[in-house]
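A quick write-up on the structure given underneath.
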There are 2 protein chains.
Amino acid sequence: MPTLAFKLNDHLYLRDPQHTQLGQKIIHSSMLLIDQLGFEQFTFKKLAEEIDSTEASIYRYFENKHRLLVYLIAWYWNWMEYRMEIFTSAVADPKEKLKTCLRILAEEKKYDPTFEFVNEEALHRIVIAELDKTYLTKGVDDLNKEGLFGGFKSVCGKIASLIHVINPNYPFAESLVSTVLITANQQLFFASHLPSLTSLEANESRYNRLYSFLENVVFCSIKADNKYA
Amino acid sequence: MPTLAFKLNDHLYLRDPQHTQLGQKIIHSSMLLIDQLGFEQFTFKKLAEEIDSTEASIYRYFENKHRLLVYLIAWYWNWMEYRMEIFTSAVADPKEKLKTCLRILAEEKKYDPTFEFVNEEALHRIVIAELDKTYLTKGVDDLNKEGLFGGFKSVCGKIASLIHVINPNYPFAESLVSTVLITANQQLFFASHLPSLTSLEANESRYNRLYSFLENVVFCSIKADNKYA
DNA sequence: CGATTAATGATAGTAATACTATTATATTTG
DNA sequence: CAAATATAATAGTATTACTATCATTAATCG
């Protein structure tokens with residue numbers, strides 16, 4: 001099977017890293033390094049050492065380390081959308097489609113051999129720990145104009161439109177979906193680090209519990225026959 | 001009326017800034033400056049210039065700028081808890097208490113003259129834009145051990161216990177509350193910067209809409225008679 | 001195949017950041 | 001008034017986040 005590559009917004013990079021060996025090494029190793037060190041401690045210098053290259057070479061692919069992070073997380077949401085499409089395409093009932101999306105969102109992330117140079121487990125930990133840093137910056141509006149959050153927005157939009165089909169009168173579809181997309185990762189962070197803020201445990205059961213929580217929140221909220229809708 | 005001060009966890013600072021003039025200037029001006037510049041662009045040097053003091057003097061109050069942020073946001077949650085207590089103390093019905101808490105969470109924040117050197121409007125914008133950065137760091141576990149997230153955890157715990165009273169069988173109270181506390185601010189951020197991710201508008205109606213959204217999510221989820229509980 | 005072009009490496013340099021350290025000078029307190 | 005403490009003034013350091021230049025290697029193409 002040939003290695004698949006996502007067509008990501010080309011403002012995310014200066015040179016497309018998916019198409020060269022060095023680029024792939026940058027993606028692969030930056031994921032491992034950001035996962036290990038955290039985004040603040042991660043530097044292009046450390047990455048350069050790791051891949052036996054130089055800072056200057058990395059700067060030819062990414063304008064700065066923040067954009068590299070935005071790239072990695074855009075990749076994640078593209079991957080999510082791709083999986084959601086695969087697993088919902090054969091499903092007709094929009095409620096079932098919605099459940100499938102939540103299941104994919106909540107499930108434990110495992111290595112997907114479709115994408116050779118991506119370690120999805122590390123990437124998921126990065127999303128859990130660093131997602132918010134992509135948009136919580138004074139530069140949001142510029143990044144947004146360039147379409148750099150397109151992946152996340154697309155996932156959000158598609159799930160929201162499922163909700164619109166299920167209950168056209170529910171007035172908070174977009175808010176509900178963005179809340180759920182973000183809380184899915186946040187709750188896993190809390191389970192590991194701030195357990196009093198979550199009802200999930202830190203063990204393996206947490207993915208199923210997370211799914212139950214998300215399903216409960218979503219399906220209760222959008223039920224047509226509740227006095228709050 | 002005397003100026004009130006909160007008793008915050010004393011690991012938050014090296015010297016209590018509420019008790020000296022310089023300390024109060026640090027709090028007051030750091031709020032305005034972080035609000036203006038964003039946390040990344042904010043430095044102790046710029047703050048020192050602003051208050052006609054020196055970096056070294058500020059470092060005698062706060063170990064580093066991250067802890068100053070944690071301090072400011074801890075102050076915010078203490079203030080929230082204080083307001084929730086004031087406005088729920090006369091209310092008997094736990095459902096009404098819960099609604100009051102959500103109302104306080106969602107409402108537009110205005111200057112509270114009880115706290116002279118705090119600009120609550122600026123502080124709220126800081127919470128919206130920087131809250132997640134307090135705990136999304138490799139040092140979370142250490143900060144947590146020192147009790148630096150006590151304010152947030154306390155608000156979360158108190159609201160969760162209201163839910164436990166309303167419906168003892170609901171199994172996700174802590175997750176639901178932390179989700180709501182965080183999304184309340186996140187949705188306001190989206191309304192200003194990423195409107196496709198929210199069902200709120202960017203105008204003044206957003207606080208009421210936000211309240212409706214939160215009330216809907218919470219009360220639907222915890223209803224005893226739904227098949228998801 | 002040789003020549004052009006493009007990608008990478010090697011190296012250097014810079015302004016700013018996040019501190020630490022030292023000493024002098026105010027200011028408060030007992 | 002003396003002693004202790006808080007603050008200011010100043011300097012210095014390692015690191016970061018870049019930018020710039022030029023040499024070298026690899027890919028491409030007539």
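Within every chain, numbering begins at 1; the chains are lettered A, B, ... in the order of the sequence lines, protein sequences first and strands thereafter. What you see is a predicted model; the values in this text were computed from it and never measured.
- DNA chain D is contacted by both B/D52 and A/T43; B/D52 maps to the nucleotide lying nearer its 5′ end (nearest heavy atom per residue).
- Atom CZ in A/R60 sits roughly 11 Å away from atom C1' in C/dA10 (whole-Å rounding).
- Separating the CD atom of A/Q21 from the P atom of C/dG9 is a distance of 10 Å, rounded to the nearest angstrom.
- Nearest to the side chain of B/S57, among D/dA8, D/dA17, D/dC22, sits D/dA8.
- We find the OG-CG distance between A/S30 and A/L37 to be 11.5 Å, quoted to the nearest 0.5 Å.
- Atom CG of B/N9 and atom OH of B/Y71 lie 11.0 Å apart (nearest 0.5 Å).
- At D/dA6, none of the side-chain N or O atoms of B/Y61 fall inside 4.0 Å of OP1 or OP2 (strictly under the cut-off).
- Distance A/E40 CD to C/dT17 P: 16 Å, rounded to the nearest Å.
- Side chain of B/T20, nearest nucleotide from D/dT7, D/dA17, D/dA8: D/dT7.
- Between the C1' atom of C/dA10 and the NZ atom of A/K45 lies a distance of 13 Å, rounded to the nearest Å.
- Look at A/S53 and you'll find a side-chain N or O under 4.0 angstrom from OP1 or OP2 of C/dG9.
- Ion pairing between a basic and an acidic side chain is recognised when a charged N comes within 4.0 Å of a carboxylate O; B/E130 and B/K133 show such pairing.
- Which of C/dA18, D/dA8, D/dA17 sits closest to the side chain of A/E55 comes down to D/dA17.
- Looking at the side chain of B/A56, the nearest of the listed nucleotides C/dA21, D/dC18, D/dT7 is C/dA21.
- Here D/dT19 is the nucleotide among C/dT8, D/dT19, D/dT7 with the atom lying nearest to any side-chain atom of A/Y59.
- Set against C/dT8, D/dC18, C/dT23, the side chain of A/N64 has D/dC18 as its closest nucleotide.
- B/E81 has no carboxylate O lying under 4.0 Å from a charged side-chain N of B/K153, or vice versa, which leaves the two without a salt bridge.
- Among the nucleotides C/dT11, C/dT22, C/dT20, the one closest to any side-chain atom of A/T54 is C/dT11.
- Here C/dT8 is the nucleotide among D/dA9, C/dA10, C/dT8 with the atom lying nearest to any side-chain atom of A/L22.
- The CG atom of B/L69 sits 13 Å away from the P atom of C/dA18 (whole-angstrom rounding).
- Taking atom CZ on A/F62 and atom P on C/dA7, their separation rounds to 15 Å, with Å as the unit.
- Annotation: side chain of B/R60 is not in contact with side chain of B/L14 (no heavy-atom distance under 4.5 Å).
- What separates CD of A/E49 from C1' of C/dT11 is a distance of 15 Å, to the nearest Å.
- Considering only the side chain of A/R15, C/dA7 comes nearest among D/dA6, D/dT21, C/dA7.
- With respect to the salt-bridge test (charged N to carboxylate O, under 4.0 angstrom), the residues A/E107 and A/R83 qualify.
- One atom, CG of B/L14, and another, P of D/dT5, lie 17 Å apart when rounded to the nearest Å.
- Of the candidate nucleotides D/dT7, C/dG9, C/dA18, C/dA18 has the atom nearest to the side chain of B/K65.
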